[in-house]
Every structure is written in structure tokens, then in C-alpha cells.
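First the proteins, then the strands, lettered A, B, ... as listed; each starts at 1. From a predicted model like this one, the values you see are computed outputs, not experimental measurements.
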2 protein chains.
Amino acid sequence: MELRHLRYFVAVADAGNVSRAAQRLHITQPALTRQIQDLEREFASRLFDRIGRRIILTRDGEEILERTRRLLADAEALGERARALAGGEAGVLRIGAVPQFIEAVLPEVLTGYALTFPGIDVELVEDGGGLLLRRLQQGELHLAVG
Amino acid sequence: MELRHLRYFVAVADAGNVSRAAQRLHITQPALTRQIQDLEREFASRLFDRIGRRIILTRDGEEILERTRRLLADAEALGERARALAGGEAGVLRIGAVPQFIEAVLPEVLTGYALTFPGIDVELVEDGGGLLLRRLQQGELHLAVG
DNA sequence: TAATATTACGTATTACGTAAAGATT
DNA sequence: AATCTTTACGTAATACGTAATATTA
């Protein structure tokens, strides 16, 4: 089973017949018929009843269709999420700082930051042992905001 | 994006390197590398950091991985559900009957039925107008239980 | 007869395998 | 040197298109 099979299944169900679905998918009827058959073989289930030249969802097909819609929506969301993370539209900004800095400076900065980039989650890491401070002083680390 | 890409992605993440993942998938390393690259192109995102001959999940990759696991589990569940419906291991048994029959006979029958077939949901339809009864008497309908 | 679905079969896309190169421990 | 990843390229699997058949309104 691949997402293609599921996309085709939904297209046929939405179109009500194979021909129109094939047009929308920009493939031919036989190709689409074959993919639907493959899916039915894998599911060991008739998703559609063939009555004459009509093709109607079976009761099982109706349930599978709803679940399939949800899965495809989730798959779409997964891709969107990945692209958002990559594009910097979403993600986590991790900031390590000494407590004084966290209390004195970060609040106002992050307030504006959060307003500007609503998709970004901010995570603060307190620098209890002073390790970060030391490395900052030694130039091993740099703190950039914005 | 196809499920294959996602399955391969999880396999590489689980194995920790491409070679072992390829062995488990029964394909070769180059083929697997290519599919991972394709997925990264589609996501416009580096899922793994290549450090020398090492391949480690990026922070984005970790998040995508978890979402991908869930999606694949859902996809698996979809297939299982479809096969269960087809095999009669799950589904809905719709019974239409006159009120007297529902009250007098069905309770005990369905109690045993539900115990025997836990995956089946039972739905009762009352026969208010007596239409079902008439059609049963005329032999147009048959009621089978079990 | 017009419209739709299926079957049969050839073609084209693409996933895969093999060979070679690059990179790191 | 050994191990792993990547690139290049030929092969094989398969999704797709074309042609023909079947069925029905």
C-alpha cells in the first residue's frame, strides 16, 4: 500500500465514477481501475460495488474512506510541518543563559520575538553552574537573538 | 511522498546507519540513500546530519521522525481495519425487527452473539410501521442470526 | 448508440542493483 | 586498511497509456 493508492481511492469516491476521477488525476481510466483493484486486493475487500457501469461505495468502503481521508490529511500535515521546520516558520529556539540575564533582559526581548514569529517555540535553559557564561566569555559560544 | 519513503526513513533512523537499514529492508545501500535524499528534497529539509561516515538525526529530523512513526502506525491500522472488515472480524450487524421481537427474543441471542464476536457492533432498527414484518411474511426478507 | 468499466498488452517512468569514488576512523 | 556514504549508470519492476472488449442506460 502506498499513499498513491489511497489518493486514487478518495478521488474515485469523490468523483462518483472512475472516468471523472481519472480526468482530475490526469491519468487514464484503465490505469486508475488497476490501482483501485490493487488496493482492493491488498485490503482483501471490495471497496466499491460494480453495478452495471456504476461504481458505488460498499458499506465497508464508506468506513475505510473516512479513515483514509484522515490519514491523507495527516500525511499532508506531516509534509507541511517538515517544510515549515526547514523554512524556519516553525521550530524551537533554545536559549541558554545565566539566571541574571534570563531575568533582566530576555523577558522583553522574547515578548517581541514571540509576537513576530508565532510559529517558534522558545525554550530557556538556566545556566546554574555558570558553564555557559564561562564559554561565552572565552568566545566559544555566541548568543544571537532575532 | 509515498509511504515507502517514510518507512525507509524510520528504518535508517532506527538502524543508526544506512547500511544496516538497507540490510533489514533487503535492498542495497545506494538505493536507500537515494530514497532518503528524495524525501529530504520533498521536505526541503535535512533529516540527517552527515558527519564523516556517520549519519545522525537533526533536531528537525527527530520531530519529523516521531510524527512519521505515528502516521505509519495509522496506515498500518487502516490496512488491518480494512482486512478485518472484509474478513468479518469487524463490522456492523444491522437487525431490523418488530418491537415485540426486539424485546422478547433478541436480548438473549445478542448477548451470546456479542460474546462470540467481540469485534462486531450490533445495531437495532425498530420496525415501527410494521413494514419489515409484512415483507418478512411475504418472504421478501429473511432474518439470519449467527 | 453513447457512456462507463474492465482486460490485454506495449511503453515509459522509476526504483533498484552494480561499479566506482569519496570520506572518515 | 576497513567501513560507510554518495555518485554514476545500466537493469528491472511497475505505473501508465493505447487498443480492444464488455456492459448498460
Side-chain angles (χ1 to χ4, degrees), chain A residues 1-62 64-65 68 71-72 75 79 86, chain B residues 1-62 64-65 68 71-72 75 79 86:
Chain A
M1 174 178 66
E2 294 295 339
L3 290 178
R4 179 186 55 257
H5 296 114
L6 302 180
R7 297 191 188 103
Y8 286 4
F9 169 43
V10 171
V12 172
D14 285 346
N17 66 47
V18 181
S19 308
R20 218 173 327 159
Q23 287 179 350
R24 295 182 189 172
L25 294 169
H26 303 105
I27 62 174
T28 57
Q29 294 171 23
L32 185 50
T33 292
R34 180 61 180 275
Q35 294 297 313
I36 297 296
Q37 289 173 341
D38 288 349
L39 184 61
E40 289 183 313
R41 276 221 323 274
E42 172 147 3
F43 283 173
S45 168
R46 283 203 342 283
L47 298 171
F48 297 95
D49 274 327
R50 278 76 168 178
I51 302 179
R53 70 193 191 196
R54 212 167 211 79
I55 185 170
I56 339 179
L57 275 173
T58 61
R59 216 174 283 279
D60 287 356
E62 289 179 18
I64 298 300
L65 174 64
T68 298
L71 188 78
L72 288 177
Chain B
M1 175 178 64
E2 294 295 338
L3 290 179
R4 180 186 54 256
H5 296 114
L6 303 180
R7 296 190 188 104
Y8 286 4
F9 169 44
V10 171
V12 172
D14 285 346
N17 66 47
V18 182
S19 308
R20 217 173 327 159
Q23 287 178 350
R24 296 182 188 172
L25 294 169
H26 303 105
I27 63 174
T28 57
Q29 296 171 23
L32 184 51
T33 291
R34 180 61 181 275
Q35 293 299 313
I36 297 296
Q37 289 173 342
D38 288 348
L39 184 61
E40 289 183 313
R41 275 222 324 274
E42 171 147 4
F43 283 173
S45 168
R46 283 203 342 283
L47 299 171
F48 297 96
D49 274 328
R50 278 77 166 177
I51 302 180
R53 70 193 192 197
R54 214 167 209 78
I55 185 170
I56 344 178
L57 275 173
T58 62
R59 217 174 281 282
D60 287 357
E62 288 180 18
I64 299 300
L65 174 64
T68 299
L71 188 77
L72 287 177

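Around CZ of A:Arg4, the count of heavy atoms belonging to other residues, nucleotides or ligands within 6.0 Å exceeds 12. Atom CZ of A:Arg7 has more than 12 heavy atoms from other residues, nucleotides or ligands within 6.0 Å.
For A:Arg46, the salt bridge (charged side-chain N to carboxylate O under 4.0 Å, His left out) partners are A:Asp49, not counting sequence neighbours. With sequence neighbours excluded, the residues forming a side chain to side chain contact (heavy atoms under 4.5 Å, CB included) with B:Ala13 are B:Phe48, B:Leu57, B:Leu65, listed by chain and number. With sequence neighbours excluded, the residues that form a side-chain hydrogen bond (donor to acceptor under 3.5 Å, both in side chains) with B:Arg50 are B:Glu40.
If you take CD of A:Glu2 and C1' of D:dC16, they are 16 Å apart, rounded to a whole angstrom. At whole-Å resolution of the value, CG in A:Leu32 and C1' in D:dT18 are 16 Å apart. One atom, CZ of A:Arg4, and another, P of C:dT14, lie 11 Å apart when rounded to the nearest Å. Regarding B:Ile56, its CD1 atom lies at a distance of 14 Å from the C1' atom of C:dT25, rounded to whole Å. Atom P of nucleotide D:dA15 and atom OH of A:Tyr8 are separated by 10 Å, given to the nearest angstrom. A:Gln35 places its CD atom 16 Å from the C1' atom of C:dA5, with the value rounded to the nearest Å. Counting to the nearest Å, the C1' atom of C:dA3 and the CD atom of A:Gln23 are 12 Å from each other. As a whole-Å value, the separation of B:Leu6 CG from C:dA15 P is 14 Å.
Annotation: the span from B:Leu32 atom CG to B:Gln37 atom CD amounts to 10.0 Å, rounded to 0.5 Å. A distance of 11.0 Å separates CD in A:Gln35 from CG in A:Leu6, rounded to the nearest 0.5 Å.
Across all strands shown, A:His26 has heavy atoms under 4.0 Å from sugar-phosphate atoms exclusively, and none from any base.
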Would you give me the side-chain donor-acceptor pairs under 3.5 Å for residues 23-30 of chain B, sequence neighbours excluded?
{"from": "B:His26", "atom 1": "ND1", "to": "B:Arg24", "atom 2": "O", "distance (Å)": "3.4"}
{"from": "B:Gln29", "atom 1": "NE2", "to": "B:Ser19", "atom 2": "OG", "distance (Å)": "3.1"}

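For the helix from C:dT1-D:dA25 to C:dT25-D:dA1, the rotation axes defined at the first and last 5 base pairs enclose an angle of 30°, given to the nearest 10°.
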Take A:Leu39 and A:Leu47 through the test side-chain contact (heavy atoms from CB on, under 4.5 Å) and record every step on the way to the result.
CA-CA 9 Å; A:Leu39 184 61; A:Leu47 298 171; 3.8 Å; yes
Using a 4.0 Å cut-off on protein heavy atoms (strictly under), produce a 5'-to-3' string for nucleotides 2-10 of chain D with B for base contact, S for backbone-only sugar-phosphate contact, and - for none.
BBBBBB---
